[in-house]
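Reviewing the structure listed below.
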Amino acid sequence: MKTDILKINPFCIEQDYIIKAANIIKSGGLVAFPTETVYGLGADALNPAACAKIFQAKNRPLEDPLIVHIADKQDLFKVAREIYKITLDLIDAFWPGPLTVVLKKQEAIPDIITGGLDTIAVRMPNHKIALDLIKKAQTPIAAPSANIFGRPSPTTAQHVLEDLDGKINLVIDGGSTDIGVESTIVDLTQDPFCVLRPGGVGIEELRRIIPQVGLYKKDGILSPGMYPRHYAPNAKILIMEGNGKMQTEKVKDIAHEFDLQGYRFGILAKFENKDRYGDFNVKLLGPGNDLVACAANLFSVLRDFDKDKVDVIIAETVEEKGLGIAIMDRLRKASGVSEKHV
Ligand code: AMP
Ligand code: MG
């Protein structure tokens with residue numbers, strides 16, 4: 001299959017292009033498109049055969065359910081049921097935006113979307129191209145990240161093509177995504193409510209609306225599709241815990257050790273530490289006090305290390321507050337070590 005590319009300026013959207021993309025969705029094809037978090041791989045959520053193509057293109061296990069994207073808050077009632085005031089308060093506070101809610105599903109939602117569960121994950125993205133596409137397609141769009149399963153999520157159309165060229169109908173190139181990590185997923189069918197995946201909305205912000213929300217787990221059971229190694233570059237990742245000079249000294253020691261042993265390695269460092277590692281291959285995540293910049297760069301930098309063909313990435317940490325929780329979650333999963341519990 002030939003993958004077409006359509007360049008669209010999100011600030012001046014060519015509606016004919018959106019119609020072209022929407023027609024592909026309507027006829028059961030796959031379109032990758034930008035959202036404010038990462039690029040999504042979209043298919044008509046009410047067409048099981050179209051959704052099956054997502055799993056095939058991404059090489060994604062069928063038990064890993066998809067998030068459904070809508071463009072109008074009212075459409076939540078078409079895909080989910082048992083929607084109480086607290087849900088409406090949450091979506092009023094965070095939609096459109098990087099918050100996914102898990103609710104009981106409506107009958108019409110195909111099992112392939114939910115991995116056979118009675119629940120559905122839904123969000124309304126805060127990106128004009130995504131919203132226009134969903135509106136013009138006149139259907140909810142199922143869209144996981146537009147990468148090969150397990151790889152770092154794509155934050156540019158180029159990343160999408162690296163993984164999926166020839167496997168999907170179209171990529172809309174709308175430039176780099178703003179946030180760079182995926183949405184926060186909160187399960188509203190559990191008591192107490194539970195964050196299944198930290199993301200673009202910080203847990204502190206969520207607690208303003210639902211103070212009782214917990215992080216990650218119920219009875220020690222992970223949510224479906226939460227795999228221990230995920231978001232991973234080809235290189236192994238070694239996370240150096242600690243802070244300040246103690247951390248940079250640890251990074252330096254291990255880098256010298258790897259150097260002596262002849263490993264090809266890189267260092268993922270915060271901006272303020274860029275001069276501490278001499279001539280080693282250092283790539284910068286962003287300033288430690290600018291977690292927004294760090295999140296936006298994360299997946300792109302991991303892919304850049306792959307281009308350098310390093311065997312190991314030695315990674316500094318960022319502070320685990322706000323977006324820093326999502327950044328460290330992705331970095332820990334990319335390293336294959338389960339998330340630290342907070
Ligand atoms: P992504 O691959 O970024 O689109 O993430 C989708 C993730 O959302 C899945 O891997 C699941 O962990 C989560 N998810 C989707 N649907 C559900 C659901 N019905 N219940 C719980 N988690 C879900
Ligand atoms: Mg994904």
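Every number for a ligand or one of its atoms is a count from 1 in the order of the listing.
Within the set Ala121, Gly40, Ser145, the minimum heavy-atom distance to atom 15 (C) of ligand 1 is found for Ala121. Considering only non-hydrogen atoms, atom 21 (C) of ligand 1 lies nearest to Leu196 out of Val186, Asp64, Leu196. Taking each of Lys104, His230, Arg197, Lys58 in turn, the one with a heavy atom nearest to atom 1 (P) of ligand 1 proves to be Arg197.
Listed by number with element, the atoms of ligand 1 under 4.0 Å from a non-hydrogen atom of Thr119 are 18 (C), 19 (N), 20 (N). With ligand atoms numbered from 1 in the order given, ligand 1 contributes 18 (C), 19 (N), 20 (N) to contacts under 4.0 Å with heavy atoms of Leu117. Interface atoms of ligand 1 facing Ile185, defined by a heavy-atom separation under 4.0 Å, are 7 (C), 8 (O), 13 (C). Per-residue contacts place Pro144 under 4.0 angstrom from the following atoms of ligand 1 (heavy atoms of the residue considered): 2 (O), 4 (O).
Using a 4.0 Å cut-off between charged nitrogen and carboxylate oxygen, Asp92 and Lys73 count as a salt-bridge pair. Ion pair Lys321/Glu319 flagged as a salt bridge, since at least one NZ, NE, NH1 or NH2 atom sits closer than 4.0 Å to an Asp/Glu carboxylate oxygen. With respect to the salt-bridge test (charged N to carboxylate O, under 4.0 angstrom), the residues Glu241 and Arg332 qualify. Asp132 has no carboxylate O lying under 4.0 Å from a charged side-chain N of Lys136, or vice versa, which leaves the two without a salt bridge.
Residues passing the side chain to side chain contact (heavy atoms under 4.5 Å, CB included) test with Ala137 are Ala22, Ile25, Thr139, Ile141, sequence neighbours excluded. Taking the ring-ring contact (aromatic ring centres under 6.0 Å, His included) definition, one finds that Phe280 meets it with His256, Phe265, sequence neighbours left out. With sequence neighbours excluded, the residues that form a ring-ring contact (aromatic ring centres under 6.0 Å, His included) with Phe299 are Tyr231.
Surrounding NZ of Lys245 are at most 12 heavy atoms belonging to other residues, nucleotides or ligands under 6.0 Å away.
Checked against a 3.5 angstrom limit, the closest N/O atoms of Arg60 and ligand 1 fall inside it.
With Tyr17 as the aromatic partner, Lys20 does not meet the cation-pi criteria of under 6.0 angstrom to the ring centre and within 45 degrees of the ring axis.
Taking every heavy atom of both residues into account, Gln106 and Lys78 meet most closely at CG-O, 3.3 Å.
Sorted by chain and number, the protein atoms of type N, O or S within less than 2.8 Å of the Mg ion (ligand 2) are Ser145 OG.
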